[in-house]
Number of protein chains: 2
Amino acid sequence: MTSSVDTELPTDHFEPHVPGIDYGVLDSLLGYGVRRAQLLIYEDFVATLAPWSITPQRFSALTVISRNAQLKLTQLARILGIARSGAVLLVDALAAMGYVERVPSPEDRRAYGLVLTPKGIEDLKVITEAVCEHDRRIGARLAPEESREMMRLLRLVAGPRA
Amino acid sequence: MTSSVDTELPTDHFEPHVPGIDYGVLDSLLGYGVRRAQLLIYEDFVATLAPWSITPQRFSALTVISRNAQLKLTQLARILGIARSGAVLLVDALAAMGYVERVPSPEDRRAYGLVLTPKGIEDLKVITEAVCEHDRRIGARLAPEESREMMRLLRLVAGPRA
DNA sequence: TATTGTTATACTCTATAACTATA
DNA sequence: TATAGTTATAGAGTATAACAATA
C-alpha cells in the first residue's frame with residue numbers, strides 16, 4: 001500500500017463507518033453520533049490549525065480571553081471544564097507562544113488578569129478565519145437551514161441548564 | 001430500564017455556558033456546539049457506567065466485537081480510530097475484566113479472533129441497557145421528531161460517504 | 001478560613017518505532 | 001516484503017493534593 005517505513009495509520013484517518021462492520025446499537029445512539037462527528041471535526045481542526053500549533057482548547061481559551069477583559073485563570077479553568085492546574089499549563093503554553101500575558105490584578109494581589117498580546121490579537125484574527133473556514137467545511141453537507149437547525153438542536157442538548 | 005426517567009443530569013463540572021462570559025465566535029461554530037455536547041455527554045456516560053468501569057471507547061469495542069464474529073485486533077483499531085498498540089492495551093483491559101478472549105484464528109496463525117466471554121455477553125446486556133438509558137437522558141430535551149432529525153444531521157456531517 | 005495561582009506527582013490515553021512469527 | 005500482534009517508550013492531557021500569598 002505505502003512505501004514508507006513502519007508507520008501506523010492512527011487517528012489521522014478516522015472512518016466513522018468502516019465498510020462491512022456491524023455497529024449494532026451504536027448506530028442508533030445520539031451519543032455515538034456526536035462522538036463520530038466530534039472525532040472527525042477534531043481531526044480536521046488540528047490538521048487545519050497545525051501551522052499555528054492551535055488545538056480546539058487553545059482556540060477556545062484565546063477567544064474567551066479576547067472577549068472577556070481581565071479574565072482570571074480560575075474562570076478560564078471553569079469555562080473549559082478543566083482543573084486550575086491544567087489551566088496553568090495551558091496559559092504557560094499560550095504565553096510561551098507570545099499570545100497571552102499575565103497582568104497583575106489591581107483589586108486582588110493574588111490574581112492575574114489574562115490579556116492577549118498585540119501579536120496574540122493579530123494572529124487570532126487569522127486563526128479565527130482559518131477556524132471559520134474549517135467550520136464551514138465540516139458543515140458543507142448541510143443546507144443553510146439545516147445548519148441553523150443543527151445549532152438549535154445542539155443548544156437544546158448542551159444549552160444552559162437553567 | 002423499568003425505573004422512572006431521569007430528566008436531570010448528574011452533577012458535572014463542565015458548564016457549557018458559564019454565566020456572564022462572552023463566548024464570541026464560539027457560540028456560532030458548529031464544531032464548538034458539537035464539542036460542548038460531547039463533553040457533557042462523555043461526563044454523563046462515564047458517571048453512569050462507573051459501576052462497570054466502562055468508558056465510551058470500551059463500550060464501542062464490546063458492541064462491535066459482539067456484532068462481528070472473529071473480529072481482528074487491527075480491524076478494531078481501525079474502527080475506533082486508534083493505533084494497534086492502543087487496541088492491544090484496550091483488549092488487555094477488557095480481557096482482565098473477563099469480558100473478551102483472544103481465540104487463535106484458524107486460517108491465519110498470526111492473528112486472533114476477538115470474542116466475548118459468557119460473562120461478557122451477559123454483562124453487555126445490562127451495560128447496553130444502562131447506555132441506552134443514558135442516551136435517552138441526554139436526548140430528553142428533544143422531541144422524538146427532533147431526535148430523529150438530529151441523528152439525520154449527524155449522519156450528514158459524519159456519516160458514510162454517499 | 002477561603003481563595004488564587006502554583007508546583008509536584010501520578011495516572012490515562014495515545015503515538016512511534018522496533019520486534020516476532022507468520023504470510 | 002508485507003502483515004498481525006506485541007512490546008517499549010515517550011508525550012500530551014488531566015487530576016489530586018499540598019503549598020505560599022492574599023483575601
Side-chain angles (χ1 to χ4, degrees), chain A residues 1-14 35 38-39 42-43 45-47 50 53-61 65 70-97 100-114, chain B residues 12-14 35 38-39 42-43 46-47 50 53-61 65 70-97 100-114:
Chain A
M1 187 177 174
T2 23
S3 53
S4 55
V5 205
D6 191 4
T7 329
E8 293 290 332
L9 296 184
T11 58
D12 281 341
H13 301 307
F14 171 68
R35 181 178 171 86
Q38 160 70 13
L39 289 171
Y42 192 93
E43 250 181 32
F45 187 109
V46 172
S53 298
I54 289 294
T55 59
Q57 191 177 55
R58 285 177 178 177
F59 176 68
S60 302
I65 290 170
Q70 293 297 315
L71 192 79
K72 301 298 183 299
L73 188 138
T74 296
Q75 293 179 286
L76 180 63
R78 182 179 169 200
I79 292 165
L80 299 178
I82 60 178
R84 282 175 302 156
S85 59
V88 171
L89 300 182
L90 173 60
V91 171
D92 282 349
L94 294 175
M97 296 164 78
V100 168
E101 268 184 356
R102 294 165 163 97
V103 297
S105 172
E107 71 270 358
D108 187 340
R109 287 194 298 176
R110 297 170 303 179
Y112 294 89
L114 301 174
Chain B
D12 51 58
H13 74 285
F14 172 68
R35 181 178 172 85
Q38 159 69 14
L39 290 171
Y42 192 94
E43 256 183 24
V46 172
S53 298
I54 289 294
T55 60
Q57 191 177 55
R58 286 176 179 177
F59 176 68
S60 303
I65 290 170
Q70 294 296 315
L71 192 80
K72 301 298 184 299
L73 188 139
T74 297
Q75 293 178 286
L76 180 64
R78 182 179 169 200
I79 293 164
L80 299 178
I82 61 178
R84 283 176 299 156
S85 58
V88 170
L89 300 182
L90 173 60
V91 171
D92 283 349
L94 294 175
M97 296 164 79
V100 168
E101 270 184 355
R102 294 166 163 98
V103 297
S105 171
E107 70 271 357
D108 187 339
R109 287 194 297 175
R110 296 170 303 180
Y112 294 89
L114 301 174

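Just so we're on the same page: letters track the sequence lines, and every chain starts at 1.
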| request: Could you walk me through whether B:E101 and B:Y112 pass the side chain to side chain contact (heavy atoms under 4.5 Å, CB included) test, one step at a time? | output: CA-CA 9 Å; B:E101 270 184 355; B:Y112 294 89; over 6 Å; no

| message | Test side chain to side chain contact (heavy atoms under 4.5 Å, CB included) on A:L114 and A:Q75; report intermediate values, then the result. | response | CA-CA 10 Å; A:L114 301 174; A:Q75 293 179 286; over 6 Å; no

| side chain to side chain contact (heavy atoms under 4.5 Å, CB included) between B:T74 and B:R78: does it pass, once the steps are laid out? | CA-CA 6 Å; B:T74 297; B:R78 182 179 169 200; 5.8 Å; no

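Regarding B:R84, its CZ atom lies at a distance of 15 Å from the P atom of C:dC19, rounded to whole Å. Rounded to an integer number of Å, the gap from CZ of B:R78 to C1' of D:dT3 is 14 Å. The CD-C1' distance, from B:Q75 to D:dG5, rounds to 13 Å in whole Å. In this structure, the OH atom of A:Y112 is 12 Å from the P atom of D:dA21, given to the nearest Å. Atom CD1 in B:I82 sits about 6 Å away from atom P in C:dT14, given to the nearest Å. B:L76 has its CG atom 13 Å from the P atom of D:dA4, to the nearest Å. Here the P atom of nucleotide D:dA12 and the CD1 atom of A:I54 are 15 Å apart, to the nearest Å. Remark: C1' of C:dT6 and CG of A:L73 are 9 Å apart, rounded to the nearest angstrom.
To the nearest 0.5 Å, atoms OG (B:S60) and CD1 (B:I65) are separated by 10.5 Å. Of the inter-residue distances, the one linking B:R102 atom CZ with B:L73 atom CG reads 6.5 Å to the nearest 0.5 angstrom. A distance of 10.5 Å separates CZ in A:F14 from CD in A:Q38, rounded to the nearest 0.5 Å.
Between the side chain of B:H13 and the backbone N or O of A:I82 there is no donor-acceptor pair closer than 3.5 Å.
Between B:Q57 and C:dT14 there is a side-chain polar atom (N or O) within less than 4.0 angstrom of OP1 or OP2. The phosphate of C:dG5 (OP1 or OP2) has a side-chain N or O of A:T74 nearer than 4.0 angstrom.
Across A:M97 and A:S53, no two heavy atoms sit closer than the pair CE-O, 3.7 Å.
Remark: A:S85, A:L89 in residues 85-94 of chain A come within less than 4.0 Å of DNA chain D through at least one heavy atom.
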Can you check nucleotides 20-23 of chain C for protein contacts, nitrogen or oxygen pairs under 3.5 Å, and list what you find?
from, atom 1, to, atom 2, distance (Å)
C:dT22, O2, B:R110, NH1, 3.4
C:dA23, OP1, B:R109, N, 2.9

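By the neighbour-count criterion of 12 heavy atoms within 6.0 Å, atom CZ of A:F45 is densely surrounded, having more than that number from other residues, nucleotides or ligands.
Where A:A83 and B:R102 meet DNA chain D, the nucleotide closest to each residue was compared, and B:R102 sits on the side nearer the 5' end.
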